[in-house]
Amino acid sequence: MNHWLLKSEPSTWSWHQQCQVASEPWTGVRNYQARNFLKAMRLGDLAFFYHSVTDKKIMGIVEVVQEFYPDPTDEKLQFVCVDVKATASLKVPVSLAQIKADPRLENLPLIRQSRLSVMPLSKKEWDILCKLGKTEINESDHI
DNA sequence: GCCAACGTTGGC
DNA sequence: GCCAACGTTGGC
């Protein structure tokens with residue numbers, strides 16, 4: 001199973017909103033690199049939900065509940081989206097400053113390539129971030 | 001609100 | 001196919 005990080009501007013789609021719906025199509029990605037990552041997501045993969053711009057914090061964890069299909073908001077149907085469902089709020093949101101301060105996380109695309117909105121994480125990076133968020137996820141529930 | 005980074009577009 | 005111009009993202 002793979003691990004990911006998804007960015008959203010809270011003014012566009014917030015973690016709070018995500019928690020109030022059963023699942024949500026992750027639409028609006030218009031970058032080819034990000035699209036390829038969306039296509040690589042599999043049912044049950046987990047992703048961090050990151051608030052960009054104003055908050056700059058990882059807020060929670062979502063699970064992929066529908067693999068990629070054409071993004072209905074893209075007229076040319078060149079881009080894709082997946083559906084994600086909130087599975088856990090981080091007990092302590094992890095801030096960008098914290099991530100930058102941790103040398104183990106210096107290779108995160110979040111830092112190296114700040115404009116990428118969908119990115120893969122290694123299992124190691126995932127575990128470090130879960131720990132920083134004081135949150136445990138039982139991955140056996142999500143195979 | 002500014003600006004650096006960077007992806008995309010279009011003229012040549 | 002190159003590259004200048006332009007638009008967008010996102011941190012500060």
Side-chain angles (χ1 to χ4, degrees), chain A residues 1-139 142:
Chain A
M1 116 160 209
N2 295 308
H3 301 85
W4 309 93
L5 185 145
L6 295 170
K7 279 192 199 174
S8 186
E9 278 194 48
S11 62
T12 306
W13 182 253
S14 71
W15 176 243
H16 180 67
Q17 287 172 292
Q18 179 73 53
C19 288
Q20 288 178 330
V21 296
S23 73
E24 180 71 11
W26 199 266
T27 57
V29 169
R30 295 293 182 269
N31 169 287
Y32 290 101
Q33 203 183 349
R35 181 189 70 170
N36 291 340
F37 290 137
L38 287 177
K39 286 188 171 181
M41 290 185 184
R42 291 296 167 257
L43 221 51
D45 279 1
L46 297 176
F48 286 120
F49 189 115
Y50 175 80
H51 270 175
S52 65
V53 185
T54 51
D55 246 18
K56 287 172 282 177
K57 284 186 189 112
I58 297 174
M59 301 301 292
I61 294 169
V62 293
E63 179 186 345
V64 177
V65 293
Q66 170 66 56
E67 291 183 9
F68 78 91
Y69 56 98
D71 182 341
T73 69
D74 175 28
E75 289 164 11
K76 293 182 187 166
L77 298 175
Q78 288 178 349
F79 290 94
V80 300
C81 61
V82 298
D83 289 357
V84 295
K85 158 186 115 175
T87 49
S89 286
L90 293 195
K91 288 187 183 134
V92 186
V94 178
S95 70
L96 181 63
Q98 260 180 294
I99 293 167
K100 282 192 164 173
D102 194 322
R104 294 171 302 173
L105 299 172
E106 68 186 3
N107 287 324
L108 274 198
L110 186 67
I111 294 167
R112 309 206 104 192
Q113 211 180 333
S114 67
R115 293 185 55 188
L116 187 62
S117 64
V118 179
M119 65 194 74
L121 302 182
S122 70
K123 171 81 167 103
K124 202 175 265 182
E125 291 162 341
W126 176 270
D127 288 342
I128 291 166
L129 288 165
C130 282
K131 202 164 270 182
L132 288 174
K134 312 266 189 238
T135 302
E136 283 182 41
I137 271 271
N138 184 358
E139 296 200 1
H142 299 277

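To find a chain, count down the sequence lines: A is the first, B the second, and so on, and within it residues start at 1.
- Applying the salt bridge (Lys or Arg N to Asp or Glu O under 4.0 Å) test to pairs two or more places apart or on separate chains, those with a residue in residues 21-42 of chain A are A/Arg30-A/Asp71, A/Arg42-A/Glu67.
- Applying the 6.0 Å contact sphere to CD of A/Glu136 captures no more than 12 heavy atoms from other residues, nucleotides or ligands.
- Annotation: side-chain hydrogen bond (donor to acceptor under 3.5 Å, both in side chains) contacts of A/Ser89 (sequence neighbours excluded): A/Trp15.
- Using a 4.5 Å heavy-atom threshold, the side chains of A/Gln78 and A/Tyr32 count as touching.
- No side-chain heavy atom of A/Gln98 sits under 4.5 Å from any side-chain heavy atom of A/Leu105.
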Open item on the list: What does the B/S/- profile of nucleotides 3-10 of chain B look like, 5' to 3', with a 4.0 Å heavy-atom cutoff to protein?
Closed with: --BBSS--

